[in-house]
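Quantities reported herein were computed from a predicted structural model and do not represent experimental measurements. Note on naming: letters A, B, ... go to the chains in the order of the sequence lines (proteins, then strands), and numbering restarts at 1 for each one.
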Amino acid sequence: MDSVVQHQVMRAAGIEAGYGRVQVLWGAGLDVKAKESVVLLGANGAGKTTLLKVIVGLLPAWKGSVQLDPDDVTTWRTDKRVRRGMAYMSEIGVFPGLSIDENLRVGGQFIERSALRIRMEELYAYFPDLAHRRGALAGSLSGGQRKMLGMAKALASSPRLLVMDEPSAGLSPLFVGQVIEVLGKFRESGLAMLIAEQNIAFLDLADRVFTLEGGRIRFEGSVAQLEADDSLHKAYFGLA
Amino acid sequence: MLTGAIVAGVVFGLYYTLVGLGLNLVFGVMRIVNLAHGDFLMLGGISAWFLFTSFGLNPFVSVGLVVVVFLLVGLPIYYLVVPRLLRSRDSEMLSLILFFGISQMIEAVTTIGLGATERSLPPRLLGVGPMVILGTRLPKAWIFSAAASAIAVLLVYLYLYRTRLGTLTRAVMVSRDEALATGIDVNFVSAVAFGISLALAGVAGVFAPFILGSITPNMGVAINITAFAVIVVGTLGNPLGTLLGGIIYGVSLMLMQTYLSSWANLLPNLLLIAVLLIRPEGILGRKTRRA
Amino acid sequence: MHKRNRIILDAGIATAVVALMGIMRGVYSNELMLFNFIMFLTLSQGLNIIYGFTGYLPFGYVGFYGAGAYGFSLVVMHLHVPAMVGMVAAGAAALVLGVILLPLLRLSGAYFAIASMAAAQAVYEIVANPDLESITKGPYGVSLSDVFAPATSYYVALAILAGTLLLVVWLRNSRFGMSLQAIRDDSVSAAMAGVSVVRGRTIAWLLSALIAGLVGGVFAWHISVFYPDTAFDLSVSIFSTVFLLFGGATTLSGPLLGVFILYGIYNIIGIAVPQYFQFTYGALIVLLVLFLPNGLVSLLTNRGIRVP
């Protein structure tokens, strides 16, 4: 087997999709390799969320395919993709009406009971703030803590690939820094990540960057290559 | 007389909790209104009547059968109509119309098959003679119907708060979108909730002859208004609130029957309208619903 | 099509229906059946005004009909006034009930539907209460043999139908009707565009109530002996709703088609065992909601064809 294919966790190719009759994606594609963290950069309305939804199975692809190594999962429902090692953290990310403990158990619903207990303790070690308040409702947490819980919930199923939609949404810069720090730890542990963002602070985490514009991938490469490209540099880093 | 009305009201309230609980569970999980709920209750009562008159089965035995059959019937009904319904533009409103149609079908089939006559079961099946609670003499049939209701409510509580599937069910209640994004098999969770809801209606039906007096094919509409009053009072979409709604309803009904008996039938209607207008979010609810 | 031509087409259809129902009385001997046709033609259009133009579906629509029937009966029985005064009372009774129930319009879809059903039940419980026998005759029903006039009441019913159809034609072609539809589709933007949401809904609601009340009044007049169970029979709501949904709300011809097709079939086969029709109607509602939620006319409107 080709070594590139072997190391690939997920590959979306030629995706066309949209809502009703409105097409949003026009042949977008990207891939994530094992232990790699990929940042999908794009402005509001570029189609980031739509692409992520197609990747995790919340929206059907009109055209194109999604591979979750080694399966073609294009037509699979989300729950089946989650069973096979994909986890998705939406912008909201938690169930406000459930306790912290319950959120984690829902996230790890497919794991066997005793394994889940161990997994939850691991996660509580990562997120000590949550460990103190296991019985508290997620809705009572601050914005930053909710993001932490959202990550913990998504990680409860011990996924191979964590897909995140704008983890910085609604957070103050201080909390954004904390989120990046935590994600950095998970990156070191070898978790493959796909992060859709418009906040360039997340580029610190990126092994590779894709940029999405008008439903098409405009750029693929390293952070250094992105910075070297004049027009992209202007678009994403501003004039500074 | 006041104590008597309140004691009887609590006993009836437990039963009315059971009447509303299934409707509220379906609303909470799917945001649809099963307007055929009262007709499934009627079918539960007909089943108990049939099982007794044909095979001499005691209602306490029939209730087990009814639970299993109604639960299993609920799953295909769910898959046939609900997923398609939920994809439509205004599923809450359309659900009302659709289940209204199902309600009409059930009522018609029952009337064609069995005629429109009232059917009842002898109260002695649930025990002979009265029982005294706080100085109030109540028929054993009432007490045991209330006890069975309380057990059913408790089991639903244990399901929702002590089992894995129950936790997933509450997750879907909190947010269907987030549940989908988390990879919950929302359709399966909802189908089971729908089945449980029908089973609860069936159980309430089995005891209906003892609490309501009789079963008729066209009782569904009145039951629906009652059930809706109970769950609106007790907060829509909150299964535990149903208990509060049921007790408030039961006690008000008994007070009406004690002091203003000929107007007691007005109660569910007026209570429903009043709560919807004054406190549409229900007694326990926060202001979350558009109204 | 030009607006003028649209209005002419709409008005032509309305005139044809009224003329048909007038001529039929001379041709066909079953007057009661024709009268029932007129009633449902009118009621389904009355429901069209509130549901088709504002999106509110009152399951308890029969409440206004019953209020009209009893408004008529009470003044005729107790004050011995002529039937036409009774008709005024019928309309007034329905309007009063409509005003009392105005707060229900604060509720959204399903809650409104159920609350209106509860309201109709409540009115029924009051009217049919044995304690009020001296006033309403309670559950024992009323008899109005003094004013019995099948021919006159038939033509009055026809006049109410004509008025209702004209009202719908006007709504479909007027600024007011357009603004109502704007409210239905998006009340927030409509409000921002300067449409008075509350006023529009209130007018549609009261017009709809008035129509059902007049139909209830003329029903009492024509039939002259009836029970509260008949005047508040939920099937009146059910039938009108099914006819409306089957044909297609907001149009003029949809509800007309619904009544002629479904109530026609009902009369040809159904009277002997009403439950077969109850079943068929139930099944039809289910299928309509699942497969044709905008009614028969949507087969054309979905293809961009305007339906009168």
Determine the minimum heavy-atom distance between B/Arg84 and C/Leu290, stating which atoms define it.
NE-O, 2.9 Å

Proximal component of B/Ile225, with respect to chain C [non-hydrogen, under 4.5 Å]:
side chain

Is chain C contacted by the side chain of B/Val221, its backbone, both, or neither, given a heavy-atom distance below 4.5 Å?
side chain

Please flag which part of C/Leu234 lies under 4.5 Å from any non-hydrogen atom of chain B: side chain, backbone, both or neither.
side chain

Proximal component of B/Leu94, with respect to chain C [non-hydrogen, under 4.5 Å]:
both

With a sphere of 6.0 Å drawn around OH of B/Tyr259, does it hold more than 12 non-hydrogen atoms of other residues, nucleotides or ligands?
yes

Within 6.0 angstrom of C/Phe260 CZ, more than 12 heavy atoms from elsewhere:
yes

Ranking B/Val109, B/Leu266, B/Asn224 by heavy-atom pairs under 4.5 Å to chain C gives rank one to B/Leu266

Under a 4.5 Å cut-off applied to non-hydrogen side-chain atoms, are C/Tyr124 and B/Asn269 in contact?
no

C/Ala122, C/Pro293, C/Ala115: which one forms the most heavy-atom pairs within less than 4.5 Å of chain B?
C/Ala122

Any chance you could measure C/Leu288, atom CG, to B/Ile97, atom CD1, to the nearest 0.5 Å?
9.5 Å

OH of C/Tyr281 to CZ of B/Phe100, rounded to nearest 0.5 Å, is 13.0 Å

Specify the closest pair of heavy atoms between B/Leu277 and C/Arg106, including all atoms of both residues, with the distance to one decimal.
O-NH2, 2.6 Å

Mark yes when over 12 heavy atoms from residues, nucleotides or ligands other than C/Tyr227 sit less than 6.0 Å from its OH; otherwise mark no.
no

Which one of C/Asn129, C/Leu104, C/Ile238, C/Val286 has the most heavy-atom pairs closer than 4.5 Å to chain B?
C/Asn129

Assert top hit (heavy-atom pairs under 4.5 Å, partner chain C, pool B/Pro217, B/Pro268, B/Gly101, B/Ala222) equals B/Gly101

Heavy-atom contact with chain C under 4.5 Å, split by part of B/Leu35:
side chain

Looking at every non-hydrogen atom in both residues, tell me the closest pair between B/Leu272 and C/Ala118 and how far apart they are.
CD2-CB, 3.7 Å

Contact part of B/Leu96 toward chain C, heavy-atom cut-off under 4.5 Å: side chain, backbone, both or neither?
both

Against chain B, label C/Leu132 side chain, backbone, both or neither, depending on which of its atoms sit under 4.5 Å from a heavy atom there.
side chain

Can you see which heavy atom on B/Trp263 is nearest to which on C/Ile126, and at what distance?
CZ3-CA, 3.8 Å

Nearest atoms (heavy-atom pairs only) where C/Asp131 meets B/Ser262:
OD2-OG, 2.6 Å

Can you name the nearest heavy-atom pair linking C/Gln275 to B/Ala108, along with the distance?
O-CB, 3.2 Å

Rounded to the nearest 0.5 Å, what's the gap from CD1 on B/Ile273 to CE on C/Met117? Could you check?
11.0 Å

Need one label for C/Phe112: side chain, backbone, both or neither, based on atoms under 4.5 Å from any heavy atom in chain B.
neither

